[in-house]
J.: 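Shown below is the structure under consideration.
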Amino acid sequence: MRSRVAIVGGGSSGVIAAKILAESGFTDIVCFERRDAIGGLWHFTDKKPQWIDEGRVNKGTVLNTSKEIMALSDFPMPENYPNFSHHTLVDEYLNSYAKHFEIYKYVKLNAEVASVKQHGTFESTGRWEVAWRDVTSDDSVVEIFDFVLIANGWVTCPKVPNFPGLENFKGKTIHSKEFTNSAEFSGMKCCVVGLGNSSVDVAMELSSCSTCRVVMSLRRGLWIQNRLGLAGKPYDHLLHSRFRWFVYSLLPRNVRLYLWRRKFNATVDHEVFGLSPPEQPDASHPIVFDDLPHKIACGRIRIKPNIRKFTRTGIVFEDGSFEDNVDLVVFATGYTLSMPFFKDSNVMELRESDLKLYKHMWVPGLSQQTLAFVGSTRPLGASFPTAELQARLVARVFKGEMQLPSEEEMRKDIARFKKDLEGRYVGAVGYSNRVDYLPHLDELAGQVGCKPNLVRYLLFDPVLFWHLMFGPGVSYQYRLDGPHTWPGARKAILTVTDRTCKSFGTFKATKTTSKEIGLSSTKINIWYLWLMMCFLLTGLSYAMASAF
């Protein structure tokens, strides 16, 4: 297509969006990235951040989702990658993805977008005026685009609470995004504020220094999920299973809560360890970490409640306890969304981290829907496949293959979603862009037209159906049907276990499930017959109930 598309941000979402737009027929794509490399927050350097809203992972960050769940739909992660890979491998994977699909030609590095405004002809053409600055030469350029896609992510401006007495504190204070190397803080007494994946990463790195003394201050606790589940398998292979979601949807909420609490407390008693949150397990997203309870048990990390105030040399906590001679405070207290390129525009409402977007992508009220957002959600799962399906949906709308609902319907949908959040989460503003992983992907896939036809596979490909229903909800399933299918999708789904085991370096082909995926397998046949009987009985029961 001759239409020009601007992508703001060359991180994971921007690179993925560029690939999706290219495969959808767009040829004039410009992906603006202000840094000198793609990858966004996954591209870690020891350099001090150049921009206040520059997101990046910590030096020791490891994936919280397994490589199979994280992988993009037509580009599996290498089988030798660990199941939970270090951030350097994720950066390597994104660069391999960009090279394989020839995305670099669309990326403009060292290009900072200064403003995004409606062109004078917007009402009739839907065009946008994008002003950007060359970071190396400081030259400014203004270009006109038919479509704009915002992909700068949500890990942007650091959020730091204003505690009483903080201005008089003589120790060093930083945000977790500024934390690069624990060695420079060796020998210090440190306090990490917050309980999230970033705070735990920082606390673990500091506690690894033999002379560091680490305290964690928690406003409230959180549920902890181990990376490894039954038999040492990745936890999300079971968590993101269609069968699990189906069963949980049938259970009363109190039963689900009992099962979740039992599961979380099986590894560590949250009450005893001082980690127990006030909310129920389904009212907050757990952090994924294995070693925090061990560090607490060994005394390497001590848990404290929320901070009441700072003194010149220490911290007073809400339980009245006092930590003196604190050298370093790391605020791992989250981020607020930053979109400075909209500062002179009334295009959208942005309050704290609450984007008023339809399906987290579209701005209600625009007369021409030529602006979209990708990667602005925080799924309870992997971000890459979520951004990928969002981009596929955006491509359909930009091409005119799909019409969005009216402004009124969009606002009603946003209000419904907000009401559901408020009824479920504690502090709904902080969870305004949270989505349940597999249900959200299926919703997007249904609109794209690539949701797998389970009934057809049940009847004509029961082996594949088995993996789709009971196996992990990997993204390859969204390349089986619909536009832009991938011939390797079926094989990729059937060999998930092979690649999972291969990463341990002890893989033996004769011991994997690879020989159990044929229809002649007795095990598969028995389970298939049992499954068919259950479906028939369920259908019969429903028919009888309907009749009476």
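Remember, it's a predicted structure, so these values are computed and weren't measured experimentally.
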J.: Checking Asn64 against Arg227: is there a side-chain donor and acceptor pair closer than 3.5 Å?
T.: yes

J.: Is the number of heavy atoms from other residues, nucleotides or ligands under 6.0 Å of Arg244 CZ greater than 12?
T.: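 More than 12 within 6.0 Å, yes.
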
J.: Could you check whether the rings of Phe147 and Phe26 sit parallel, tilted or perpendicular, using 30° and 60° as the cut-offs?
T.: perpendicular

J.: Between His240 and Tyr437, does the ring centre distance come in under 6.0 Å?
T.: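 Under 6.0 Å, so yes.
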
J.: Between Asp442 and Tyr478, do the side chains contain a donor N or O and an acceptor N or O under 3.5 Å apart?
T.: yes

J.: Please check this pair: side chain of Glu143 against backbone of Trp132, looking for a donor-acceptor N/O pair closer than 3.5 Å.
T.: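 No: the side chain of Glu143 does not pair with the backbone of Trp132.
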
J.: Could you pull out all residues at least two apart from Tyr97 that satisfy ring pair (Phe, Tyr, Trp, His ring centres under 6.0 Å)?
T.: Phe75, Phe101

J.: Salt bridge check, Arg133 against Glu112: does any charged N sit closer than 4.0 Å to a carboxylate O?
T.: yes

J.: Using a 3.5 Å distance criterion without hydrogens, assess whether the side chain of Lys399 forms a donor-acceptor pair with backbone atoms of Ser24.
T.: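 Yes, because the side chain of Lys399 sits within donor-acceptor range (under 3.5 Å) of the backbone of Ser24.
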
J.: List in chain and number order the residues that pass ring pair (Phe, Tyr, Trp, His ring centres under 6.0 Å) with His294, two or more places apart in sequence or in another chain; answer none if no residue qualifies.
T.: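 With neighbours one apart ignored, the set is empty.
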
J.: Can you say whether the rings of Phe44 and His87 are parallel (under 30°), tilted (30 to 60°) or perpendicular (over 60°)?
T.: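 Plane angle between 30° and 60°, so tilted.
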
J.: Looking at Glu388 and Arg479, is there a salt bridge between them, counting it only when a charged N and a carboxylate O are closer than 4.0 Å?
T.: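 Yes, this pair counts.
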
J.: Between Glu33 and Lys108 (salt bridge meaning N to carboxylate O under 4.0 Å), is one present in this structure?
T.: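 No, Glu33 and Lys108 are not salt-bridged.
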
J.: Check this for me, if you would: do Lys19 and Asp74 make a salt bridge, where the nitrogen-to-carboxylate-oxygen distance has to be below 4.0 angstrom?
T.: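 Yes, Lys19 and Asp74 are salt-bridged.
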
J.: I'd like to know if the side chain of Ser66 pairs up with that of Asn83 as donor and acceptor (distance under 3.5 Å, no hydrogens or angles considered).
T.: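 Looking only at side-chain atoms, Asn83 and Ser66 do not form any donor-acceptor pair under 3.5 Å.
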
J.: Do Arg242 and Gln477 pair up side chain to side chain, a donor and an acceptor below 3.5 Å, judged on atom types alone?
T.: yes

J.: Give every residue pair that meets the salt bridge (Lys or Arg N to Asp or Glu O under 4.0 Å) criterion with at least one member in residues 77-100, sequence neighbours excluded.
T.: Glu79-Lys502

J.: Under 3.5 Å, side chain of Lys304 to main-chain N/O of Leu218, donor-acceptor pair present?
T.: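 Not a single qualifying donor-acceptor pair exists.
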
J.: May I ask you to check whether Trp128 and Phe145 place their ring centres under 6.0 Å from each other?
T.: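 Centroid separation for Phe145 and Trp128: 6.0 Å or greater.
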
J.: Sub-3.5 Å donor-acceptor pair from the side chain of Arg392 to the main-chain atoms of Ala17, do we have one?
T.: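 Answer holds: no.
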
J.: Does Lys172 come within less than 4.0 Å of Asp327, counting only side-chain N to carboxylate O?
T.: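 No salt bridge links Lys172 with Asp327.
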
J.: Do the side chain of Ser12 and the main chain of Leu94 share a donor and acceptor less than 3.5 angstrom apart?
T.: no

J.: Classify the ring geometry of Phe384 against Trp42: parallel below 30°, tilted from 30° to 60°, perpendicular beyond 60°.
T.: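 Perpendicular: the ring planes of Phe384 and Trp42 meet at over 60°.
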
J.: Would you find a donor on one side and an acceptor on the other, under 3.5 Å apart, between the side chain of Asp134 and the backbone of Thr136?
T.: yes

J.: Main chain of Val193, side chain of Ser199: is a donor-acceptor contact present, judged purely on distance under 3.5 Å?
T.: no

